[in-house]
Amino acid sequence: MATEPIPISGLARRLVDEGIVEAETASKATDEARKAGTPLVSYLVHNEIAEARVIAASAAEEFGVPLMDLSIFDLDGIPKDLVKEDLIRQHNALPLIRRGARLFVAVSDPTNLQALDEIKFQSGINTEPVLVEEDKLSVLIEQFLHAQEDDGLGDLDGDELEDLDMEAYDEGAPPEEEDATGGTDDTPIVRFVNKMLLDAIKTGASDIHFEPYEKTYRVRFRTDGILNVVSTPPPNLGTRLAARLKVMSEMDISERRVPQDGRIKMKLSKTRAIDFRVNTLPTLWGEKVVLRILDPSTAKMGIEALGFEEDQQEMFLDALGKPQGMILVTGPTGSGKTVSLYTGLNILNTSERNIATAEDPVEINLEGINQVHVNHKVGLDFAEALRSFLRQDPDVVMVGEIRDLETAEIAVKAAQTGHLVLSTLHTNSAPETLTRLRNMGVPTFNIATSVHLIIAQRLARRLCSECRVPLDVPREALIEEGFTEEDLNTGFTLYEANPDGCDRCNAGYKGRVGIYEVVKITPEISRIIMEDGNSLQLGEQAREHGFNNLRRSGLVKVMQGVTSLAEADRVTTGH
């Protein structure tokens, strides 16, 4: 027996009458939202049934509630401690402004009178609704609640940053006598460091640089591959900042003459933790400390999110499916090689396989994989770890980097004797990887018979889809950049970044995407390798097979509107 459709009224009826939502869809959405205990507007927007902007405009006209643009609203002006977090999240409503005996509450659905009543009851202040767009409200609520969180990490406002100047600091005291353990006197130092770590995570940074100079001190975040200055604390606090970071990462705070390595683990919630890989470097004016942010979720985001073209992804998956052979990933530091390798390992990580990795250092912990941290001080290098792996009957072996002939020979031998080997090299392109192995001293026959796939990669900033700007470039200039006549005849639109950006991006870019050169070792390429051919011959043969080089892959991303021509030039010029 068919169920009766849920009657629709209020905002849902208005949306149906205006043709924004179908009646049947509105009825179903009303029912589903009620069952899920979420506001109807939240359900419509999150399920992409209707745009937040359209709903807000319609609701404002229907109910005569003022419409406000949250993108111009200052987070610091929101009244704090009036309403509990669970109530804000339950109703997706946020107190915005307090004016005397009235509290203006941001809502995306003005018919949600229960939200206004409960906020009035909890705050003890009369409430009035202000209509806002659902998606912008959700973002502002998250920002507000993050700012209110106190996970033992503290918070630091502008006044407390000023207090850093006033901290007692005896520059004449011997280093050993400084209180660098984060005691009571150093509470602002502790808060400042914690704030930097949290801000870096929230902004999606990959690295944090604490840098001392003679008369200045700066903190920089690397966001989407670009470094930006985020803070300039007083230079006389450099020693304490370095000491605090060394304490957190369990380094020797009394040793300042040699570089040190450590790790910090920060628990953001019961289910999410972020690791920081920490390195100190003695410089002319003190210790520079760099933190690499290691988010385990990046290793589990799926191969589709990396940026491979369809044929490249198919070749990668095909190579991962083979029982033996070698897959090499190459590129400079910070080009995303580790994420590519971990993504492959996650695909292979089943209970039927024995997987072992040798890494320097282990960056992200993966459940079900035996990870070994290389330790050169005790003689546990890549070659020794590989030898040990092969005694334990592995199915898949991952070597962090092939740096020398000994490691290369053992990896090749493993790939020839029934093991799937994944590793990295520091070369610029796929053909150069093959010549690099040969220059190390690996016989050409062994290279040709062990290597199955080479992936060269770069990371380019992804254009913000909300504010990217069309760019008109003369046909001749595009031909010079490397586009073909066939490309130009497809009529693609070229985009550039909006330098002013929007509230969802960073100067017109948001996130990064991989640009790949994926070369499968075919019989023809094997023949060139065994005939001692150079990288130019190998590259020419790869192009004949239709394998895009890095430059071509970058131009494909430009034609797709994923990145800008300027960004493609930055990461692929010369390739």
**Student:** Quick one about E432 and T427 (side-chain donor to acceptor, distance below 3.5 Å, no hydrogens or angles considered), yes or no?
**Tutor:** no
**Student:** Can any side-chain N or O of T563 pair as donor or acceptor with the backbone N or O of R461 at less than 3.5 Å?
**Tutor:** yes
**Student:** Let's go through R244 and V190 carefully: what are the C-alpha distance in whole Å and the side-chain angles of both, what is the deciding distance for side-chain contact (heavy atoms from CB on, under 4.5 Å) to 0.1 Å, and is it a yes or a no?
**Tutor:** CA-CA 7 Å; R244 172 60 187 164; V190 175; 3.7 Å; yes
**Student:** Roughly how far apart are H426 NE2 and R403 CZ, rounded to 0.5 Å?
**Tutor:** 7.5 Å
**Student:** Before accepting this row, confirm whether a basic side-chain N of the pair R475/E485 lies closer than 4.0 Å to the acidic partner's carboxylate O.
**Tutor:** yes
**Student:** Just wondering, do I455 and S340 contact through their side chains at under 4.5 Å, heavy atoms?
**Tutor:** no
**Student:** How far apart are the closest heavy atoms of G561 and L463, and which atoms are they?
**Tutor:** O-CD1, 3.9 Å
**Student:** If you look only at pairs with a residue in residues 486-507, which of them pass as a ring pair (Phe, Tyr, Trp, His ring centres under 6.0 Å), with sequence neighbours excluded?
**Tutor:** F483-F492
**Student:** Any side-chain heavy atom of L140 sitting closer than 4.5 Å to one from I78?
**Tutor:** yes
**Student:** Taking the side chain as everything from C-beta on, heavy atoms only, tell me whether N346 gets closer than 4.5 Å to I303.
**Tutor:** no
**Student:** Are the side chains of V219 and P233 in contact, using a 4.5 Å heavy-atom criterion?
**Tutor:** yes
**Student:** Hey, does L15 have a side-chain heavy atom less than 4.5 Å from the side chain of S58?
**Tutor:** yes
**Student:** Are more than 12 heavy atoms from other residues, nucleotides or ligands located less than 6.0 Å from atom CD of E314?
**Tutor:** no
**Student:** Please report the interatomic distance CG(L494) to CD(E481), rounded to the nearest 0.5 Å.
**Tutor:** 9.0 Å
**Student:** Indicate the atoms forming the closest heavy-atom contact of P235 with K215, along with that distance.
**Tutor:** CG-O, 3.5 Å
**Student:** Does the pair E486 and T490 meet the rule for a side chain to side chain donor-acceptor pair (under 3.5 Å), with working shown?
**Tutor:** CA-CA 7 Å; E486 189 180 343; T490 61; over 6 Å; no
**Student:** For the backbone of Y213 and the side chain of T216, can you confirm whether one donor and one acceptor N or O come within less than 3.5 Å of each other?
**Tutor:** no
**Student:** Is any side-chain heavy atom of F276 closer than 4.5 Å to one of M248?
**Tutor:** no
**Student:** Quick check: closest heavy atoms across S553 and I515, and the distance to 0.1 Å?
**Tutor:** CB-CG2, 3.7 Å
**Student:** Looking only at heavy atoms, what is the nearest atom pair of E517 and S429, with distance?
**Tutor:** OE1-CB, 3.6 Å
**Student:** List the atom pairs, donor and acceptor, that lie under 3.5 Å between side-chain atoms in residues 506-514 and the rest of the protein, sequence neighbours left out.
**Tutor:**
{"from": "Y509", "atom 1": "OH", "to": "S564", "atom 2": "OG", "distance (Å)": "2.8"}

**Student:** Treating Q312 as the side-chain partner and Y516 as the backbone partner, does any N or O pair qualify as donor plus acceptor under 3.5 Å?
**Tutor:** yes
**Student:** What's the shortest heavy-atom distance between L550 and A456, and which atoms?
**Tutor:** CD2-O, 3.6 Å
**Student:** Decide whether R222 and S206 meet the rule of one side-chain donor and one side-chain acceptor closer than 3.5 Å.
**Tutor:** no
**Student:** Under 30°, 30 to 60°, or over 60°: which ring-plane class applies to F316 and F308, parallel, tilted or perpendicular?
**Tutor:** tilted
**Student:** Taking K557 first and then E309, would you say they form a salt bridge - that is, a charged N and a carboxylate O separated by under 4.0 Å?
**Tutor:** yes
**Student:** Taking all non-hydrogen atoms of both residues into account, name the closest pair between T223 and T203 and its distance.
**Tutor:** CG2-O, 3.7 Å
**Student:** Can you tell me how far CD1 of I479 sits from CG of L488, rounded to the nearest 0.5 angstrom?
**Tutor:** 4.5 Å
**Student:** Any carboxylate oxygen within less than 4.0 angstrom of a Lys/Arg side-chain nitrogen, looking at E567 and R458?
**Tutor:** no
**Student:** Under 3.5 Å, side chain of D109 to main-chain N/O of H91, donor-acceptor pair present?
**Tutor:** no
**Student:** Between K520 and D311, does any side-chain N to carboxylate O distance fall below 4.0 Å?
**Tutor:** no
**Student:** Answer yes or no: is there a donor N or O on one side and an acceptor on the other, between the side chain of K288 and the main chain of T283, under 3.5 Å?
**Tutor:** no
**Student:** Salt bridge between E211 and R218, side-chain N to carboxylate O under 4.0 Å?
**Tutor:** yes
**Student:** Measure from the side-chain N and O atoms of Q371 to the backbone N and O of L366, and report whether any donor-acceptor pair falls under 3.5 Å.
**Tutor:** yes
**Student:** How about E134 and S138: does a side-chain donor come under 3.5 Å of a side-chain acceptor?
**Tutor:** yes
**Student:** Under a 4.0 Å threshold between the charged nitrogen and the carboxylate oxygen, would K246 count as salt-bridged to E287?
**Tutor:** yes
